[in-house]
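What follows is a short report on a single structure.
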Amino acid sequence: MTLCPCGSKLELSECCAPILAGTPAPTAEALMRSRYTAFVLRQLDHVERTHAPEVRDDFNRAEAERLAEECVWKSLEIRRAVETDDTAEVEFAIKFRREQQDMIQTELASFRRENGEWLYVSGELNPVMPTRHVAKVGRNDPCPCGSGKKAKKCCGTTQLLD
Amino acid sequence: MTHRFLCTACGKCCYGQIPLTVQDAWVHAKRFPLAMVWSPVREGSKDFNSVARFGTVVAMPKAKNLAVLIVPTAYLPPTFACPELTADNLCAIQLQKPARCRTMPFYPYREEQFQAELLAPRPGWLCDISAAAPIVFADKQIVERDDFEFELQALQEQHAIILRYAEYMFKYTPQLRESLAKVAAKPKAGQVVTSLSSFLTAIRHPDTKSIAAQQLPLLQHYADQTAGQSDLHDFHRNYLQWVKEMRFLVDRV
């Protein structure tokens with residue numbers, strides 16, 4: 001009975017272990033989780049195997065092996081996962097400790113499904129998220145709900161919009 | 001204006017890092033612990049153009065562009081003698097020595113017209129620049145040009161490989177950009193060091209395994225030599241890390 005390192009709160013044997021063993025990941029998020037677990041368990045064949053062909057030879061396996069060994073992997077947090085047909089984006093944050101320092105790395109990773117298998121295509125480290133635009137609605141402005149009434153007579157005196 | 005120079009074989013320039021051509025790095029992989037050394041130069045510096053010619057140019061938002069030399073290097077602490085320097089201060093591999101050592105004191109990474117200033121001996125060096133020494137530089141040109149031209153040509157020929165490596169590193173290690181900017185902002189020239197494993201991966205070197213096998217004992221040796229010395233901590237940590245990487249490459253089936 002071992003909890004999966006990916007943080008799913010599932011048993012390892014019910015979560016990432018089968019994917020590490022070669023079962024296709026059902027979703028891009030599941031693949032991402034299994035790739036993290038592969039670093040924790042130092043089973044980097046899985047990481048290498050699940051790179052898209054065009055980036056597979058770019059993988060510096062020797063460095064990855066060293067990092068897998070040197071880092072204490074603390075947690076994986078999936079912040080967002082969006083799948084559209086055979087492509088997907090997963091945004092995540094990894095916490096780890098290295099050389100007596102707590103580190104956090106965020107990444108926006110792209111995936112592609114090929115012959116039923118999800119593959120890691122690319123990652124943008126520490127991505128800059130689009131800023132949220134906040135508009136202030138005055139009391140006498142038309143209500144943003146579209147009712148045609150003044151805001152103060154409708155949804156509220158002031159309201160923040162995304 | 002003419003300049004005179006004679007090497008007196010004092011051995012003083014045989015200490016510390018040796019910049020190598022890519023070809024020399026592989027030829028001498030059994031001798032030197034290898035690393036990739038990145039040296040940024042800000043736009044406006046007189047070396048900017050020549051560095052840009054052999055290295056890469058990095059655009060910096062809200063700051064001057066950087067030209068960066070990326071050089072395979074015999075990665076030795078400044079106080080460490082070249083492993084081929086003999087007890088009587090001579091070169092043990094005189095006939096096979098790297099292009100960099102042959103061309104000394106000239107330096108083709110810098111434009112030819114500026115080479116004269118490289119003839120001034122650095123503190124402690126015993127180069128002869130007296131009237132008894134032969135003329136080596138005249139009318140903004142090097143007199144005896146063969147070694148200079150040879151190294152220059154090697155730098156030109158390897159430029160595509162260096163650019164490919166730069167592109168690879170900026171793609172997969174974007175924080176490198178910040179490290180270079182930080183180093184370039186310092187008044188004294190600085191450098192950023194990256195691993196041989198990244199270079200081998202980026203250029204798909206076909207002999208990675210045999211190069212790793214040559215590097216492994218060397219890196220272990222220098223890791224031991226630099227242990228417990230606080231001023232050599234960075235060297236020590238790098239050697240230890242690269243030992244792990246080279247061991248993986250050697251053991252890889």
Side-chain angles (χ1 to χ4, degrees), chain A residues 35 38-39 41-73 91-112 119-129 131, chain B residues 29 34-36 61-62 161 164-179 193-216 219-220 223 233-234 236-253:
Chain A
R35 285 168 57 95
F39 268 88
L41 302 178
R42 296 174 63 185
Q43 296 184 19
L44 298 188
D45 280 351
H46 177 65
V47 176
E48 187 155 7
R49 178 162 58 76
T50 55
H51 271 106
E54 68 271 23
V55 293
R56 197 166 293 159
D57 289 344
D58 277 353
F59 181 49
N60 186 348
R61 175 77 181 263
E63 180 185 65
E65 290 281 347
R66 173 174 67 73
L67 290 173
E69 180 213 309
E70 285 176 0
C71 297
V72 180
W73 305 98
E91 191 191 331
F92 60 92
I94 290 172
K95 286 187 182 158
F96 58 98
R97 192 169 172 78
R98 186 180 164 213
E99 293 179 346
Q100 288 90 49
Q101 272 198 307
D102 286 318
M103 315 277 273
I104 181 161
Q105 180 176 302
T106 58
E107 183 175 336
L108 177 59
S110 302
F111 296 84
R112 184 174 75 227
L119 299 169
Y120 174 90
V121 178
S122 65
E124 188 192 338
L125 296 183
N126 305 317
V128 180
M129 289 298 126
T131 20
Chain B
L34 298 171
M36 301 301 287
K62 298 179 205 160
I161 291 174
R164 181 168 161 192
Y165 178 58
E167 190 184 351
Y168 171 90
M169 289 304 288
F170 287 124
K171 178 175 177 188
Y172 291 104
T173 317
Q175 60 272 33
L176 179 59
R177 195 177 282 270
E178 284 157 50
S179 307
V193 180
T194 57
S195 66
L196 181 66
S197 75
S198 63
F199 189 48
L200 293 168
T201 306
I203 69 168
R204 316 279 195 261
H205 199 296
D207 303 325
T208 291
K209 197 174 178 124
S210 82
I211 290 167
Q214 297 171 63
Q215 287 287 292
L216 180 57
L219 290 164
Q220 188 62 64
H233 174 261
D234 286 354
H236 183 62
R237 188 197 53 200
N238 284 336
Y239 293 136
L240 282 182
Q241 291 186 349
W242 299 336
V243 161
K244 291 179 195 167
E245 296 182 358
M246 292 302 130
R247 185 172 291 137
F248 172 81
L249 293 173
V250 169
D251 292 344
R252 186 169 206 184
V253 185

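Below, chains carry the letters A, B, ... as their sequence lines are ordered, and counting in each starts from 1.
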>> To the closest 0.5 Å, what do you measure between NZ (B:Lys244) and CD (A:Glu70)?
In response: 3.5 Å

> Quick one: CD on A:Glu65 to CD on B:Glu245, what's the gap to the nearest 0.5 Å?
Replying inline: 10.5 Å

> What do you reckon, is CD of B:Glu167 surrounded by more than 12 foreign heavy atoms closer than 6.0 Å?
Replying inline: no

>> Distance check, rounded to the nearest 0.5 Å: B:Phe248 atom CZ versus A:Arg61 atom CZ?
In response: 4.0 Å

> Between the side chains of A:Asp58 and B:Tyr172, is a donor N or O closer than 3.5 angstrom to an acceptor N or O?
Replying inline: yes

> Is it the case that more than 12 heavy atoms not belonging to B:Lys209 sit under 6.0 Å from its NZ atom?
Replying inline: yes

>> Let's go through A:Arg66 and B:Leu240 carefully: what are the C-alpha distance in whole Å and the side-chain angles of both, what is the deciding distance for side-chain contact (heavy atoms from CB on, under 4.5 Å) to 0.1 Å, and is it a yes or a no?
In response: CA-CA 10 Å; A:Arg66 173 174 67 73; B:Leu240 282 182; over 6 Å; no

> With the threshold set at 4.0 Å, does a side-chain nitrogen-carboxylate oxygen contact exist between A:Glu69 and B:Arg247?
Replying inline: no

>> Please find the pair of heavy atoms, one from A:Asp57 and one from B:Arg204, that lie closest to each other, and give the distance.
In response: O-NH1, 3.0 Å

>> Just by distance, no angles: are the side chains of A:Asn60 and B:Ser197 close enough, under 3.5 Å, to form a donor-acceptor pair?
In response: yes

> Measuring from A:Glu63:CD to B:Thr173:OG1, what's the distance to the nearest 0.5 Å?
Replying inline: 6.5 Å

> How many angstroms lie between atom CD of B:Gln175 and atom CG of A:Leu125, to the nearest 0.5 angstrom?
Replying inline: 6.0 Å

